[in-house]
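For reference, the structure is listed below as structure tokens.
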Amino acid sequence: MFKKILIANRGEIACRVMATAAKLGIRTVAVYSEADANARHVEMADEAVLIGPAEVAASYLKADTLLEVARKTGAEAIHPGYGFLSENAGFAEKCADAGVVFIGPPADAIRAMGLKDAAKALMVEAGVPVVPGYHGEGQDPDMLAKEAEKIGYPVLIKAVAGGGGKGMRSVSSASEFPAALASAQREGKSAFGDDRVLIEKYLTKPRHIEIQVFADSHGNAVHLFERDCSLQRRHQKVIEEAPAPDMPEAMREAMGAAAVAAAKAIGYVGAGTIEFIADVSNGLKEDAFYFMEMNTRLQVEHPVTEMITGQDLVEWQLKVAAGGKLPCKQEELSISGHAFEVRLYAEDPANDFLPATGQLLRLRPPRESDGVRIDTGVREGDTVTPFYDPMIAKLIVWDETREMALQKLSASLDEYQVAGVATNLAFLGNIADHPSFAAKDLDTGFIERFRDGLVPAPLTPTDEDMAIAVSHLLLEREKAHKATRSATNDPYSPWDDLTGWRPNDTGHDDFKFEINGMEVTAHIVYENGGYLIDLPTGVLPVQAERAADGGILADIAGHKLSAAAVTQGNKVIVMTTGRQVELTQIIDDFDDADGEAGAGAITAPMPGKLIQIFTEAGASVAKGDPLVVLEAMKMEHTLTAFKDGIIEDIFFEVGDQVDEGTILVRLESEETA
Ligand code: MV4
């Protein structure tokens, strides 16, 4: 076995590979870009080497740099993860030339599967079923039109170099064919530099079912059953599961045998996936599945296979790459229970799923257990940048039956807390809770079909939400007082009493929110170590304290609940089980009753060291002006004025270490100053 490997990747997959390496006693070398200096995968590795700036072309895709790092650190092998260089035949070759083992298939196997028409021809030869159609050399438009007629409409035109749906056009009748062909050719040319196409029978209700295969360099090959990845949105997988619901045993055996035959036909070694498309207009049938393409890498969704087989696929990869035999024979492998994986993304479902960036102000995954697994490359406080895939984590659940696993998935999603950046968490929850998903009404059109019921609508804050938001603001204020007092070390501080809430002089406070375009005032009166919150709908007694995990333990009129909240500008994001709601605070007077840590304060968003101060007491600043620079976790964070005003006070000096939530600067409105 290797003593040391280099992981030529980042994020969750780099961490995933390192977890198995650690288990096997293999040292790891991480590589990182400037944007990833503080990333989890860097922290997990035994050593890490900076390879360039944030842009992937200048860092994670630099084949020569990676090989140079492997040489310098003495890494014997390179794990490419997925994406990046994982399916780059040239890189696999370069590794071989440099005497470094590429933990993946031989370059020839990658090439054989790179072009759709050649791959399809190889599969036909190996006896693997392919979608009826034309995948020959000829590209004359009239000839192609005749072939389409022969296949029978509807047909699908696919660019031979295509992938991810690019260069793909469905055609329902002969009259549409010429225009669709021209358009597929144009897209193939511009996206892949290749305008050749193939034509297939168009399956109108397909399921994406893929088989995990594994081969070693001793001529052995097995499959590890199937994954159903039918739930996709624009060719992005959203939920994967294993085994495929309602798959007849005869079909499973036929698909497994076809996949092993496919792997053997191309001299495959390592982990691979054979993607099939199954026509489900008449349910799953053992003679209605067709080869689509082969992915010559470990896939994002490999954990569902691990959960149902009990195998560690990265361990298999490492053993096979080191020249060993497959850990199991086919007859030693079996399916146990059912697993789901969901991909938690930083993206905004309300905004056409646009990728989102920002700091993960709160990131609390559900409790991990035998049946609940989280694969992630980020932690609370990290930033999702625009440079890389915006996946935050994969949540994988397992249970004895699909129904039980689905319930566990739903409960785990409800437990997840993530705020600071828009995510698809609620969208995933809506799928997990959808009756048609429970009813196994799966095909690649599911998400579009139920789109309106799946894309979450923003929630209107309830009284309880307001009570939690106010509790959060009060607790933050409390913490800031304590931090400021201990930092300034003023023995005569008026805040010496550490018990109960610290009311202002009048013993009450007002917090104002904008709810559905209306101003709603929450009037607070402190009482019995808690407070009464007077809302338009009535008065609620509230007790609240910080939980150990930074959440809030609240008792709202006798309803005890555990919640969490984060402040982001004038927004307070409140999280309770299965629910997240955003409240907008109206901050119109910085010097009124909401006191010292009210909106007039700039607080440290995380613990860190002050490394620069741009302003001074009495200075006039404009909204957006930089005030101080906080260095936290090797990154610099410039805190700016959130509005025009006058600096009333700066509590620290350059070099001071401050806790999260500490007031650093007080900013007064010009008019009230
Ligand atoms: C198809 C198809 C229907 N009929 N081929 C999409 C990407 C590429 N890998 C193959 N794809 C499809 N090929 C025929 N003959 C429907 C799709 C398809 C699809 C396939 C798998 C998962 C999701 C999909 C979403 C849309 C279309």
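Start at 1 and go down the list; that is how both ligands and their atoms are numbered.
For the residue pair E210/T273, the side-chain donor-acceptor check at 3.5 Å is not satisfied. Looking at H302 and R16, their side chains do bring a donor and an acceptor atom within 3.5 Å of each other.
The environment of NZ in K146 is sparse: at most 12 heavy-atom neighbours from other residues, nucleotides or ligands sit within 6.0 Å. Within 6.0 Å of atom NZ in K62, 12 or fewer heavy atoms from other residues, nucleotides or ligands are found, so the atom counts as exposed in its surroundings.
Using a 4.0 Å cut-off between heavy atoms, I277 contacts ligand 1 through its side chain alone, with no backbone atom that close.
Side-chain atoms of P456 and F427, non-hydrogen and from C-beta on, do get closer than 4.5 Å to each other. Side-chain contact between M292 and E200 is present, with at least one heavy-atom pair separated by less than 4.5 Å. Contact check for R196 versus L115: side-chain heavy atoms found under the 4.5 Å cut-off. Residues V378 and R40 fail the side-chain proximity criterion, which asks for heavy atoms closer than 4.5 Å.
From the protein, the heavy atom lying nearest to atom 3 (C) of ligand 1 is L203 O, 3.3 Å. Scanning all protein heavy atoms for the shortest distance to atom 19 (C) of ligand 1 gives T444 CG2, 4.0 Å. The closest protein non-hydrogen atom to atom 15 (N) of ligand 1 is K201 O, 2.7 Å. Protein heavy atom closest to atom 10 (C) of ligand 1, with residue, atom name and distance, is M292 SD, 3.6 Å. What sits closest to atom 1 (C) of ligand 1 on the protein, heavy atoms only, is L156 CD2, 3.3 Å. For atom 9 (N) of ligand 1, the nearest protein heavy atom (residue, atom name, distance) is E293 OE1, 3.2 Å. The nearest protein atom to atom 26 (C) of ligand 1, hydrogens excluded, is given as H235 CE1, 3.5 Å; this is a heavy-atom distance.
Residue-ligand proximity, M168 to ligand 1, at heavy-atom distances under 4.0 Å covers atoms 6 (C), 11 (N), 12 (C), 27 (C). Atoms of ligand 1 lying under 4.0 Å from any heavy atom of H208, numbered from 1 in the order shown and given with element: 21 (C), 22 (C). Proximity to Y202 (heavy-atom distance under 4.0 Å) selects the following atoms of ligand 1: 3 (C), 4 (N). Within ligand 1, the atoms closer than 4.0 Å to a non-hydrogen atom of Q232 are 22 (C), 23 (C), numbered from 1 in the order shown. Taking every heavy atom of V131 and a limit of under 4.0 angstrom, the matching atoms of ligand 1 come to 15 (N).
Taking 4.0 Å as the cut-off, K158 counts as a neighbour of ligand 1 on heavy-atom distance.
Across all non-hydrogen atoms, the minimal contact from A112 to L122 is CB-CD1, 3.8 Å.
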